[in-house]
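The structure appears below as structure tokens.
Only heavy atoms go into these numbers, but all of them, side chains included; no hydrogens, no water, no symmetry mates. By convention in this document, chain letters (A, B, ...) are assigned in the order of the sequence lines, proteins followed by strands, and residues within each chain are numbered from 1.
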There are 2 protein chains.
Amino acid sequence: MEDAAPQTRIQTRNRKTILSAGLDVFSAHGFRGATLDQIASTAGLSKPNLLYYFPSKEAVYTALLDDLLVTWLDPLRALDPAGEPIAEILAYAQRKLMMSRDYPRESRLFANEILQGAPLVGPVLHTELRALVDDRATVLQGWMDDGLIRRTDPVHLIFSIWSLTQHYADFDVQIRAVLDDDDPFPGAECFLDQLYRSLLEPRQR
Amino acid sequence: MEDAAPQTRIQTRNRKTILSAGLDVFSAHGFRGATLDQIASTAGLSKPNLLYYFPSKEAVYTALLDDLLVTWLDPLRALDPAGEPIAEILAYAQRKLMMSRDYPRESRLFANEILQGAPLVGPVLHTELRALVDDRATVLQGWMDDGLIRRTDPVHLIFSIWSLTQHYADFDVQIRAVLDDDDPFPGAECFLDQLYRSLLEPRQR
DNA sequence: CGTGAGTTTGACCAGTCGGTCAAATCAAGA
DNA sequence: TCTTGATTTGACCGACTGGTCAAACTCACG
């Protein structure tokens with residue numbers, strides 16, 4: 001009836017703290033740059049104790065990435081083909097921006113994985129991600145064909161949303177250096193809205 | 001008369017191959033994830049031989065970042081306050097995009113450094129970068145005040161150019177997974193032009 | 001040719017890496 | 001209470017890390 005894993009209370013608690021510690025360390029140093037000692041001490045455990053819950057360093061990493069990939073593309077999946085086009089696209093951009101604000105470690109973990117050549121998620125990119133993007137690009141193309149939004153390259157439009165929103169998490173240090181530590185997100189929210197509105201709103205003719 | 005360093009022919013050659021090898025390895029794995037053995041073997045040298053030319057791993061890294069920081073901001077410096085506003089901004093975006101195409105390793109090296117908290121370039125960001133951005137933001141603001149381009153947040157505008165252009169180098173693997181290995185740059189060039197034209201061109205009133 | 005500076009290398013070092021293991025500790029039910 | 005399984009740990013392993021060093025090699029130039 002139940003899933004395979006038995007999971008005592010201590011197990012679930014420690015698994016969670018280990019994953020959080022792993023997220024801290026992997027997102028800050030990448031897979032190769034992270035060490036088990038770092039993760040263990042961040043989690044408040046000894047190294048052998050950590051390895052009691054995960055069989056290897058890679059196991060912690062893959063557990064994190066598996067969790068991440070499921071939720072990371074949800075905002076794009078949630079883009080509703082039946083909705084009002086511009087509102088849908090703006091809402092998608094805002095959702096992604098809020099993910100950068102609320103889950104910057106996850107964004108940086110993903111950025112590190114891609115930067116290092118996507119050794120682990122590479123296959124998923126070629127299958128699931130590609131299929132999802134192709135599908136949503138078709139929806140966007142349909143909206144353009146119907147004259148509901150202006151014509152542009154739908155795939156590069158999606159890329160631009162990824163890049164603009166994730167930038168605020170991944171390059172946080174740089175942005176805060178320029179902005180003197182002000183919170184960049186209110187300004188970003190407003191800018192994104194204006195940017196995509198002016199790109200997509202059909203011109204009066 | 002000359003600079004301090006004597007520099008035989010062998011020295012200049014080996015220094016160059018070491019820096020190129022270091023760029024390969026550091027940009028792919030970050031500072032902590034890179035190893036001297038990796039860099040040395042990529043350069044075709046033994047590890048002690050590499051250390052004959054650079055005193056430490058960190059010395060190779062800082063040499064690379066110093067070189068990089070000088071040239072990385074040149075496109076923004078080259079933005080001419082006396083030029084035609086929209087043409088200047090579009091040209092700036094194109095210059096940065098071409099740097100992502102022609103120097104992706106440099107872009108990824110920088111991305112890694114920032115992702116890992118900018119331990120080395122942090123101070124430079126707070127001084128030089130901040131001053132440059134402030135200055136150019138003032139130029140953009142002036143153009144907006146004069147009605148030459150539409151009003152928007154000048155700093156976020158600059159951020160958006162950084163993010164959109166560097167994305168094509170840093171997330172190359174992801175982009176090529178979605179595009180089935182097609183060259184993304186022609187499409188990106190076109191999309192960027194359209195995006196910033198529609199954002200910045202003053203509307204007929 | 002020599003000869004001395006410039007260059008290269010094998011052997012080595014102390015510290016860290018991911019990971020193992022047996023023994024110790026803990027917790028909860030009979 | 002005793003017992004049994006879950007949990008934790010100290011000691012340890014071989015491989016690798018950044019880095020040193022003295023000895024060897026190479027090469028231009030007198």
Among the nucleotides [options], which one has an atom lying closest to any side-chain atom of [X]?
X	options	result
A:Leu51	C:dG19, C:dC17, D:dT8	C:dG19
B:Ser56	D:dT9, C:dG19, D:dG19	D:dG19
B:Tyr52	D:dT7, D:dT17, C:dT8	C:dT8
A:Pro48	C:dG18, D:dA11, D:dG18	D:dA11
A:Asp37	D:dT9, C:dC17, C:dT7	C:dC17

Rounded interatomic separation in angstrom, taking [atom1] from [X] and [atom2] from [N]:
X	N	atom1	atom2	value
A:Glu58	C:dG19	CD	P	8 Å
B:Gln38	C:dC17	CD	P	16 Å
B:Arg15	C:dG6	CZ	P	13 Å
A:Leu36	D:dT8	CG	P	17 Å
B:Leu50	D:dT17	CG	C1'	14 Å

Would one find a side-chain N or O of [X] under 4.0 angstrom from OP1 or OP2 of [N]?
X	N	answer
A:Ser46	D:dT9	yes
B:Asn49	C:dT9	yes
B:Thr8	C:dT7	yes
A:Gln11	D:dA6	no
A:Asn14	D:dT8	yes
B:Tyr53	C:dT8	yes

Exercise. Start at the 5' end of DNA chain D and walk down; is the nucleotide closest to B:Phe31 or to B:Arg9 reached first?
Worked result: B:Phe31

Exercise. Between B:Lys57 and B:Ile10, which is nearer to the 5' end of DNA chain D once each is assigned its nearest nucleotide?
Worked result: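 Whichever sits nearer the 5' end wins; that is B:Lys57.
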
Just by distance, no angles: are the side chains of [X] and [Y] close enough, under 3.5 Å, to form a donor-acceptor pair?
X	Y	answer
B:Thr152	A:Gln194	yes
B:Asp24	B:Thr42	no
B:Ser163	A:Ser163	yes
B:Tyr103	B:Thr71	no
B:Gln141	B:Arg136	no

Exercise. Counting only distance, no hydrogens or angles, is the base of C:dG18 paired donor-acceptor with the side chain of A:Lys47 under 3.5 Å?
Worked result: yes

Exercise. So what does A:Ala34 hit on the nucleic acid, given a heavy-atom distance under 4.0 Å: a base, only sugar-phosphate, or nothing?
Worked result: sugar-phosphate

